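By convention in this document, chain letters (A, B, ...) are assigned in the order of the sequence lines, proteins followed by strands, and residues within each chain are numbered from 1. Not measured: the values here are computed from a predicted model. Values below: every heavy atom of this structure, side chains too, minus hydrogens, waters and symmetry copies.
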Number of protein chains: 2
Amino acid sequence: MVKLTDVAKVAGVSPTTVSRVINNYGSLSETTKQKVFAAMQQLNYQPNSLARSLQGKQTKLIGLIFPSVANPFFGAMVSLLETQLFAKGYRVMLCNAGDDPDKERACLRMLMANQVDGIIAGAHNLGIQEYEQTGLPIISFDRYLSKTIPIVSSDNAQGGRQAGQLMVHAGVKRPHIITSWQQPNSPTNQRLAGYYAALKAAGLTASRSILNFQLSPTLKLVQIKQLLTRAERPDGIFCTDDLTALLVLQVAQQLQLQVPTDLSVIGYDGTPFMQAYHPELTTISQPIDDLVTLMIDLLLQRIKNTDCHLEAQYTLPVKVIAGTTV
Amino acid sequence: MVKLTDVAKVAGVSPTTVSRVINNYGSLSETTKQKVFAAMQQLNYQPNSLARSLQGKQTKLIGLIFPSVANPFFGAMVSLLETQLFAKGYRVMLCNAGDDPDKERACLRMLMANQVDGIIAGAHNLGIQEYEQTGLPIISFDRYLSKTIPIVSSDNAQGGRQAGQLMVHAGVKRPHIITSWQQPNSPTNQRLAGYYAALKAAGLTASRSILNFQLSPTLKLVQIKQLLTRAERPDGIFCTDDLTALLVLQVAQQLQLQVPTDLSVIGYDGTPFMQAYHPELTTISQPIDDLVTLMIDLLLQRIKNTDCHLEAQYTLPVKVIAGTTV
DNA sequence: TAAATATTGTCACACGTTTGACATTTAGGC
DNA sequence: GCCTAAATGTCAAACGTGTGACAATATTTA
């Protein structure tokens, strides 16, 4: 491996000088700078970030913990996070925690071991204390962790309300909602509450199904089919994620239900992917770019100054993407 | 930050002993082991991997370079890679290189700087020499890089042939193919060749469009619409990726073309995602699990023994996923 | 030309861990 | 209680880089 001293030899200067050039400190002449840069280029030299971090500098590493990048929503989010962080000089260590608390715990431990400068967490199988124990700057996406850890999320309550209003407006009589497994600190609770509230204002009450987030699509299909073939079948379904909405549409087609005549369907997330490949789906779109930008901004603030004051919660507005399913 | 010497103090032993426990070398009694483990737990101690790697150990880091995890295919692949690598004790640094050679170059440099043990690359905007320059173990997904870098891919030629045969079998008269931008070392060339060959055997020749991989879906839609509204419009389209196939279906519906009566459509990739959410699409499925397992296996071999002999190319069979679009 | 300043070199220590050499203590077996 | 082996401690060097102190030049300024 080519190291600093090798560069020094080739450039014909002392190791200290090379270090000075790299870190741009002390006083340096143009000519030596050039000599050193040339030598670095010639040897394809990269300062060993292990060594520099060990020496006291930041690692410039950020840990990302999300359920799975195989999910298009998290895929899009992680992709944006990586791109923006990279542009700011940070590197990304990725963890797919799935719905496995043990894996998430292992992820945290390894991120600590790797001395990451901070963590952005979008998977939350764990309790508060495990995250606080790390002593690292953390930003949480869309789930309550603790007072000290800021949450960034879309306005779930507003999204739920808007979905409810759309249903009311469409003249839906038997509204339904499909959420993922309820957890005390889950954002879907807000979507649920907003939905209920908007419906209640119009004198409607919604029935509800719970389909665990990580359930296989096939099993979800089965349950949706049962839902849509039961006697008093719903004529409007709000799904708290777009993928489930797609499954509902799939079952509807299979059962020859006309959408939106027989059944209205609304999703949630509205990724660019969904907008491009399923423009027909009416959905509540999270401002994914802004969410990412904000999370990064907050995290970097925390990294720069550990005890800078941040709000406990940052809520960004959602937008209705009008398709043809309502 | 809690360090090895802190653990030693709490456990009431010498730092060396703690190190011995962690690395399980030298002779140790059960009781001291327990004491040390207890202290580690109590302090929530994690050995600083920077320091241990610097000292000579592996970093247990693998770099992943792919166009973007926002793409469901690469999302699925990266997700599997991370999961399997994590289980083997490796951590993952993620790079979305997009179609930007500069970003890819920057990724490589930073992976070198971070002393990764190896790289799995699925983005290939760069030439051979930039990868060889790294001096690192590398496995390439689906694209030729150089003699020394093994390629793992699905059997693109076979996939193309099967698509062609499906078209022939469906009685298609004016077959078409949509590929991404041709590059000399691109796998889509093989898909093209296989497709042409199968059609030729039946006395057919296909027309061809080229839609750059990273083109926005909206722009792709425009081009596809032009294709499907021209005088001699094709009655069978093979797309070298599933997403483009979805766009074709979308346009077909818009133009009220019956699929497969008026138009047969075949995709390529067949991720679990696609199989679940678009079971209607007939597609050529890459064995994504096997591809991932193989890539990891080969990479770890190379890491264990830098000059172990590996084949230049590993080709895994594809499978037709029969939907209703042919 | 002398003084002041800018540039570069030398040296040492630090970061946290691993590991080898060696010394010392403890335990077990007779 | 002696001998052997096992267990633990002490110490130092190493990994590659950063940085401060100080000395030695080279260059500029007066």
### Rounded interatomic separation in angstrom, taking CG from A/L4 and C1' from C/dT10
15 Å
### Query
Applying ring pair (Phe, Tyr, Trp, His ring centres under 6.0 Å), which residue pairs with at least one partner in residues 10-64 of chain B are found, sequence neighbours left out?
none
### Message
Could you work out, with ring-ring contact (aromatic ring centres under 6.0 Å, His included) as the rule, every residue matching B/F66, not counting sequence neighbours?
### Response
B/F74
### Query
What nucleic acid atoms does B/L50 come within less than 4.0 Å of, heavy atoms only: base, sugar-phosphate, or nothing?
nothing
### Task
Taking all non-hydrogen atoms of both residues into account, name the closest pair between B/R109 and A/N44 and its distance.
NH1-OD1, 3.5 Å
### Task
For A/E311, check salt bridge (charged side-chain N to carboxylate O under 4.0 Å, His left out) against everything at least two apart and list the hits.
none
### Query
For the side chain of A/D117 and the backbone of A/I62, is there at least one donor-acceptor N/O pair under 3.5 Å apart?
no
### Message
Would you compute the distance between atom CD1 of B/I22 and atom CE of B/M40 and round it to the nearest 0.5 angstrom?
### Response
5.0 Å
### Query
For B/T17 and A/V18, take the nucleotide of DNA chain D holding the closest heavy atom to each; which residue's nucleotide lies nearer the 5' end?
B/T17
### Query
Contacts to DNA chain D from residues 29-47 of chain A, heavy-atom cutoff under 4.0 Å, which residues?
A/Y45, A/P47
### Query
Roughly, in whole Å, what's the span from CG in A/N48 to P in C/dC15?
18 Å
### Query
How would you give the extent of chain A contacts on DNA chain D, as first and last nucleotide 5' to 3' within a 4.0 Å heavy-atom cut-off?
D/dG16 to D/dG20
### Side-chain heavy atoms of A/L310 within contact of A/R302, under 4.5 Å
yes
### Task
Dump the intermediate steps for side-chain hydrogen bond (donor to acceptor under 3.5 Å, both in side chains) on A/E104 and A/Y131, then the final yes or no.
CA-CA 10 Å; A/E104 191 170 350; A/Y131 274 93; 2.4 Å; yes
#### Entry: Rounded distance (nearest 0.5 Å) linking atom CZ of A/R91 with atom CG of B/L111
9.0 Å
### Task
Taking B/S79 for its side chain and B/G75 for its backbone only, find out whether a donor-acceptor pair lies under 3.5 Å.
no
### Query
Between B/M1 (CE) and C/dT17 (C1'), how many Å, whole number?
12 Å
### Query
Got a donor-acceptor contact below 3.5 angstrom from the A/N48 side chain to the A/L50 backbone?
yes
Collect all protein-nucleotide pairs involving nucleotides 19-27 of chain C in which both atoms are nitrogen or oxygen and the distance is under 3.5 Å.
residue	atom	partner	partner atom	Å
C/dT19	OP1	B/K57	NZ	3.1

